[in-house]
Number of protein chains: 2
Amino acid sequence: MTQTSFSETAVQSDDRAMVIRDQLRDAIIEHRLVPGTKLSEAEVGKLFDVSRTVVRAALQSLTFEGLVRAERNRGAFVASPSPEEARQLFEARRQIEAGIARIAANQATAEAFARFDACLEEETRLLQERGPASRRAAIRASGEFHILLADVAGNPIMRRFMEELIARSSLVIALYGRTGASSCGHNEHGDIVAALRDRDAEGASRLVLTHIDHIETDLDLRSYAERPLREALLSVE
Amino acid sequence: MTQTSFSETAVQSDDRAMVIRDQLRDAIIEHRLVPGTKLSEAEVGKLFDVSRTVVRAALQSLTFEGLVRAERNRGAFVASPSPEEARQLFEARRQIEAGIARIAANQATAEAFARFDACLEEETRLLQERGPASRRAAIRASGEFHILLADVAGNPIMRRFMEELIARSSLVIALYGRTGASSCGHNEHGDIVAALRDRDAEGASRLVLTHIDHIETDLDLRSYAERPLREALLSVE
DNA sequence: ACATCACAGATTGCATACAATCTGACCGCC
DNA sequence: GGCGGTCAGATTGTATGCAATCTGTGATGT
């Protein structure tokens, strides 16, 4: 979707490890790999036909991003953010994305708006479709919008932070999402773009904040006591 | 200084790699390792008496943080942020630290203020001393203050971002720092703590912003054309 | 029947060996 | 003398082997 890949994040070395990293990352973001899933080095290595060395590098990379949890002598698992972590995540998103929106309002070029339009079209298209596959794609596209926002702001450092936050948000939605409408809301993305077009930095910032609030509201973070059980059930290898 | 170590950031596995990572990281932050220095796997491994495998993990970790630049089949080097990257870094810091200050103003406990006081005392003590060693320690202590701010805000995710930003700022100061007063200014840290004590979120946020502006002002980012030469000279192994 | 302990299987942690690649020097040629 | 190519050394990329650690099973004793 976005033409810039994740190469920003990573080393240009580690070709192979990066490919595996991105594949696993995509699978996690699209909820094909659910939280708690064990990522055995040997198994992953066999799937991608590489040695454990390369797999370890990829898993380490994902661990730094918070998408994978590594336990000593136990192995690596797809992360299962706690409700508390989820709250911290959204707090961080509010702080960072508000700033990004302000910057983007001043920086956005015509080319940027073209990308926004393409992204919005893709989103609405996917939302009209039904089925789990398009649900996944919709969550992904929703994330792409936020990353695009960071991209337009033109700060690679903040863009990388956003990538991490978005990816982890996807995990949170997988665990605590209620409707799945979390991803898009009532064309709030469109409203944000409109504010950007008006160069209304404060308006865009405010819209982003309420948008994130809406995403968070759609989560079920309250059932603190029950979660460990459900998590455990999902974690059964 | 701060009792919480960097364990937040990392995997609890990779004991040994983490130790090396932290040692290298500290050396970079304290300017004992200057930008451009080559970090040969074999050499580092010999120094710490571990195999290249462990060193690679440590270097990979530092690469993700942006403290090390890895070139395929060439090796790893202490990063040399460009002036452009430096600007982006401070832009990110303004966005993130302003938010952190607001949160910290509401969250700070008595225990937090005790830590602030200890940090400020340490800073002023180091500033009174002369010599390169205390200069290094001062830069380090200055960073610790900002991390402490993030710590008090109570959001581990933003804390981790701050750790990265502070570490990279130290690199930038090493490259472009003019006076070294970059680290502290005119007791601006103390003013920030005072605002926190007053629960003045907006005031604290504003003070943080001007503080970061002052740090950036003290840098010499203008001489774009000359830098590559100086950088190259510093990079001579 | 229950609890405890010991062992076997599996998985990760680490070191090392080999292959691929790059850098720099030397040599021949123009 | 300058330029280009080839080769040796060094360094990283990857695979694999062995040691350390953990999990779960089964036997044994109370």
Side-chain angles (χ1 to χ4, degrees), chain A residues 7 9-24 33 36-65 67-80 228 231-237, chain B residues 7 9-24 33 36-65 67-80 228 231-237:
Chain A
S7 58
T9 306
V11 217
Q12 64 258 47
S13 61
D14 288 358
D15 293 2
R16 221 109 61 90
M18 288 258 303
V19 172
I20 295 175
R21 183 195 93 125
D22 288 346
Q23 297 257 38
L24 289 175
L33 282 173
T37 306
K38 166 140 199 193
L39 301 171
S40 157
E41 294 178 0
E43 197 175 347
V44 176
K46 210 166 288 177
L47 281 172
F48 289 97
D49 198 47
V50 293
S51 81
R52 286 174 45 217
T53 308
V54 179
V55 176
R56 278 182 79 82
L59 292 178
Q60 193 188 354
S61 168
L62 290 168
T63 303
F64 289 131
E65 286 184 78
L67 292 183
V68 161
R69 169 179 44 92
E71 294 182 20
R72 168 125 193 151
N73 286 322
R74 290 275 331 269
F77 306 83
V78 178
S80 303
E231 200 172 292
L233 290 173
L234 283 175
S235 301
V236 173
E237 195 163 357
Chain B
S7 58
T9 306
V11 217
Q12 64 258 47
S13 60
D14 289 357
D15 293 1
R16 221 108 62 90
M18 287 259 303
V19 172
I20 295 175
R21 183 195 95 122
D22 288 346
Q23 297 257 35
L24 288 175
L33 283 172
T37 306
K38 167 143 197 188
L39 301 171
S40 159
E41 294 178 359
E43 198 175 347
V44 176
K46 208 164 291 177
L47 280 172
F48 289 97
D49 198 47
V50 293
S51 83
R52 284 176 46 218
T53 308
V54 179
V55 176
R56 278 182 78 80
L59 291 178
Q60 194 188 354
S61 167
L62 290 168
T63 303
F64 290 131
E65 287 184 78
L67 292 183
V68 161
R69 168 178 45 91
E71 293 182 23
R72 168 124 193 152
N73 285 323
R74 290 275 332 271
F77 306 82
V78 178
S80 303
E231 200 171 291
L233 290 173
L234 283 175
S235 302
V236 173
E237 196 165 353

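Note that the coordinates shown come from a computational prediction; the quantities given were computed from them, not determined experimentally. Below, chain A is the first sequence line, B the second, and so on; all start at residue 1.
Remark: Ile20(A) CD1 to Leu47(A) CG distance equals 9.5 Å, nearest 0.5 Å.
Between Asn73(B) atom CG and dA10(D) atom C1' the separation is 12 Å, expressed in whole Å. Summarising the geometry, the separation between CZ on Phe77(B) and P on dT11(D) is reported as 11 Å, rounded to the nearest angstrom. Between the P atom of dG13(D) and the CD atom of Gln60(B) lies a distance of 10 Å, rounded to the nearest Å. Between the NZ atom of Lys46(B) and the C1' atom of dT16(C) there is a distance of 14 Å, rounded to whole Å.
Relative to the side chain of Glu41(A), the nucleotides dT11(D), dG13(C), dC22(C) differ in distance, and dG13(C) lies closest. Relative to the side chain of Ser51(A), the nucleotides dT12(C), dC14(C), dA15(D) differ in distance, and dA15(D) lies closest. The nucleotide whose nearest atom lies closest to any side-chain atom of Lys38(B) is, among dT11(C), dA15(C), dT11(D), dT11(D). Set against dA15(C), dT21(C), dG13(C), the side chain of Arg56(A) has dG13(C) as its closest nucleotide. Taking every side-chain heavy atom of Arg72(B) into account, dG13(D) is the closest of dC14(C), dG13(D), dG13(C).
The phosphate of dT14(D) has neither OP1 nor OP2 within less than 4.0 Å of any side-chain N or O from Thr53(A). Within the 4.0 Å cut-off from OP1 or OP2 of dT21(C), not a single side-chain nitrogen or oxygen of Arg74(B) is found. At the phosphate of dA15(C), OP1 or OP2 sits under 4.0 Å from a side-chain N or O atom of Arg16(B).
Between Val55(B) and Leu39(B), every side-chain heavy-atom pair lies at or beyond the 4.5 Å cut-off. In this structure, Leu62(B) and Glu65(B) have side chains that are in contact, with non-hydrogen atoms separated by less than 4.5 Å.
Not a single donor-acceptor pair under 3.5 Å links the side chain of Ser61(B) to the backbone N or O of Ala57(B).
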